[in-house]
Amino acid sequence: MTIAREVGRRRTFAIISHPDAGKTTLTEKLLLFAGAIHIAGSVKARKASRYATSDWMEIEKQRGISVASSVMQMEYRDCVINLLDTPGHQDFSEDTYRVLTAVDAALMVIDAANGVEAQTLRLLEVCRARKTPIITFINKLDREVKEPLDLLDEIERVLGIAAVPFTWPVGMGKRFGGVFDIGADQMRVFRAGDDRIGASEEIIDGIDNPDCLARFRDAFVQARQEIDLVRGASQPFDRPAFLAGVQTPVFFGSAINNFGVREILDSLVQLAPAPGSRIALQRTVEPAETGFTGVVFKVQANMDPAYRDRIAFVRVCSGRFERGMRLKVSRNGKDIRTNNSMSFMSQRRDLLEEAYPGDIIGIPNHGLLQLGDTLTEGEKLQFTGLPFFAPELFHTVEVADPMRTKQLRMGLLQLGEEGAIQVFRPHTGGAMLLGAVGNLQFEVAAHRLKHEYGVEARMAPSRYRIARWVTADNPAELARFIEFNAHRVALDVVEAPAFLASHESELSVAQERWKDIRFHALREHGGLVFQTRLQE
């Protein structure tokens, strides 16, 4: 079986949304319809101790939110689908941004009652910058929601992307009867779903079928009028525009009731692109090349607390992966064994024998692999594009019990390496600093330090509000800057220096005084900061 054929079978995508749009529920139902699981865990079914397959971390089960990205693989219609469920909460947007570098398409979930929300807009901007194709699912039609025409208009007006409806809802709330497939000219009637798929689904052919009118009355009359309107007014679907990220096919449904989920799976197979070429500093890598290459886009500590493990999630970019093959870390030239490589169904893991471009493999390691590392069979490559954003909030962190100092440092190192929170070591010594985009990250860090590392951490707000990574063409000039500003400089988890400030004015003064120093709000693995450090 050729690499090219296997590449053509792959679809790798991330689910993105604003919190509470139903992303995790939709993830469960996609797994259910693909046959990967037989019963879906509702994120609301706490009393029954049934949790979403993709929410594996203890704090996620307690609070019913996703704060870590999950990876799931399934087969559907002779395609291998790699699904990456991302945190919906904006405080964990950095993890989502990094996941988006590992996928070839995105599924955007919109709450039909709330329309386009802030986090949706922010994530779409990231997709647009990467020209990531986007499929849209408008969820929760089983509730009283906005009119579908208004939702389409909102997508186009607020998100600036042309919307092409592939399905259309018949009614909403208590009158919701199903979805009409515009292209196939048929209506799929779904009964209010539980957590299993029924033995069969009812389909009514033809928009003029009298059965539709007899059963759904005014709701169908309105839907038919709206379908006629959008058929005449909407742009026809244009695949190149979709692949460029400027046009999105739109599907309606209710994930919790199994409405419209199968259409999403079918569209992923038919519309989403297979894995494409990836850009490295040295050259462009094509997926069908025989040599293996991959990039670490996520590191997760303690997926199984019994083993205190760290798993590096590697997106295969080219070639064929075989368990046991020896790979080289381009950053430091070290070899890494892959005898225990694994595939995922959220926290469930299986030994992986082989993988192809688009697949996600897990490699257990003890700190050898970092976010952004490139793995090859020997070629010196560095893939680009993995972002780290300057934090906006800072806390000092100290251990309550001095006897647990070693465990605190170990916990902070591992949390920093996986990107769950940014960890800074002040150049002049003293309490470690945690940097975050949102306050919930501090709460999760404290929870994980306590439950995974046995450390009761004391955290307190810091005076710092701004961080900028610093580089210079002249290493001596950078060293002079660091020495002069030692009380304001801290080193992150990869020893990249950052300048810390309490106010914008302090940053402005430093920028004015040190003309040869560059201040970066974004650190990219394979980008400027790393190149400067490697030259030193």
Task: Sidechain N-carboxylate O distance under 4.0 Å for Arg320, Glu354 - done: yes
Open item on the list: Let me confirm one number: the CG-CZ distance from Leu369 to Phe313, rounded to the nearest 0.5 Å.
Closed with: 12.5 Å
Open item on the list: Assess whether a salt bridge exists between Asp104 and Arg315, defined as any Lys/Arg side-chain N lying under 4.0 Å from an Asp/Glu carboxylate O.
Closed with: yes
- [ ] Verify, without hydrogens or angle tests, whether Gln422 (side chain) and Phe394 (backbone) share a donor-acceptor contact under 3.5 angstrom.
- [x] no
- [ ] Evaluate the side chain to side chain donor-acceptor pair (under 3.5 Å) criterion for residues Thr293 and Ser318: first the C-alpha distance (whole Å), next the side-chain angles of each, then the deciding distance (0.1 Å), finally the verdict.
- [x] CA-CA 5 Å; Thr293 65; Ser318 70; 2.7 Å; yes
Open item on the list: Tell me if a side-chain donor or acceptor on Ser330 pairs with a main-chain N or O of Leu381 at a distance below 3.5 Å.
Closed with: yes
Open item on the list: Once you measure the plane-to-plane angle for Trp469 and Phe424, does it fall in the parallel (<30°), tilted (30-60°) or perpendicular (>60°) bin?
Closed with: tilted
Open item on the list: List the residues meeting ring pair (Phe, Tyr, Trp, His ring centres under 6.0 Å) with Phe13, not counting sequence neighbours, and say none if there are none.
Closed with: none
Task: Atom pair CG (Asp359) and CD1 (Ile81), whose distance is rounded to the nearest 0.5 Å - done: 12.0 Å
Task: Val314 and Asp373, any side-chain heavy atoms less than 4.5 Å apart - done: no
- [ ] For Thr12 and Asn82, indicate whether the former's side chain and the latter's backbone hold a donor-acceptor pair under 3.5 Å.
- [x] no
Task: Thr248 side chain vs Ile134 backbone, donor-acceptor pair below 3.5 Å - done: yes
Task: Over 12 non-hydrogen atoms of neighbours within 6.0 angstrom of CZ in Arg409 - done: no
Open item on the list: Taking Val109's backbone N and O only, do any of them form a donor-acceptor pair with Asn139's side chain (distance below 3.5 Å, no angle check)?
Closed with: no
- [ ] May I have all residue pairs that pass side-chain hydrogen bond (donor to acceptor under 3.5 Å, both in side chains) and include part of residues 274-289, sequence neighbours excluded?
- [x] Arg283-Glu289, Arg283-Glu379
Open item on the list: Using modelled atom types and a 3.5 Å cut-off, is there a donor and acceptor pairing between side-chain atoms of Arg11 and backbone atoms of Ala272?
Closed with: yes
- [ ] Could you tell me whether the side chain of Ile16 reaches within less than 4.5 Å of the side chain of Val99, counting heavy atoms only?
- [x] no
TODO: Report, as yes or no, whether the 6.0 Å neighbourhood of atom NZ on Lys380 holds more than 12 heavy atoms from other residues, nucleotides or ligands.
DONE: yes
Open item on the list: If you count every heavy atom of other residues, nucleotides or ligands that lies below 6.0 Å from Met325 atom CE, does the total exceed 12?
Closed with: yes
Task: Whether Thr338 side chain and Gly324 backbone form a donor-acceptor pair below 3.5 Å - done: yes
Open item on the list: Rounded at 0.5 Å granularity, tell me how far CG in Leu30 sits from CE in Met72.
Closed with: 9.5 Å
TODO: Measure the shortest side-chain to side-chain distance between Leu327 and Asp335 over non-hydrogen atoms and say whether it is less than 4.5 angstrom.
DONE: no
TODO: Could you tell me which residues satisfy ring pair (Phe, Tyr, Trp, His ring centres under 6.0 Å) with Tyr76, sequence neighbours excluded, listed by chain and number?
DONE: none
- [ ] Measure the shortest side-chain to side-chain distance between Phe383 and Thr101 over non-hydrogen atoms and say whether it is less than 4.5 angstrom.
- [x] no
Open item on the list: I'd like to check the ring pair (Phe, Tyr, Trp, His ring centres under 6.0 Å) partners of Phe297; sequence neighbours left out, ordered by chain and number.
Closed with: none
TODO: Could I get the full list of ring pair (Phe, Tyr, Trp, His ring centres under 6.0 Å) partners for Tyr464, not counting sequence neighbours?
DONE: none
- [ ] Quick one: list whatever passes salt bridge (Lys or Arg N to Asp or Glu O under 4.0 Å) with Arg337, sequence neighbours left out.
- [x] none
Open item on the list: Could you check whether any side-chain N or O of Glu398 sits under 3.5 Å from a backbone N or O of Arg458, counting only pairs where one atom can act as donor and the other as acceptor?
Closed with: no
- [ ] Evaluate the side-chain proximity of Val80 to Gln73: yes if any heavy-atom separation is below 4.5 Å, no if none is.
- [x] yes
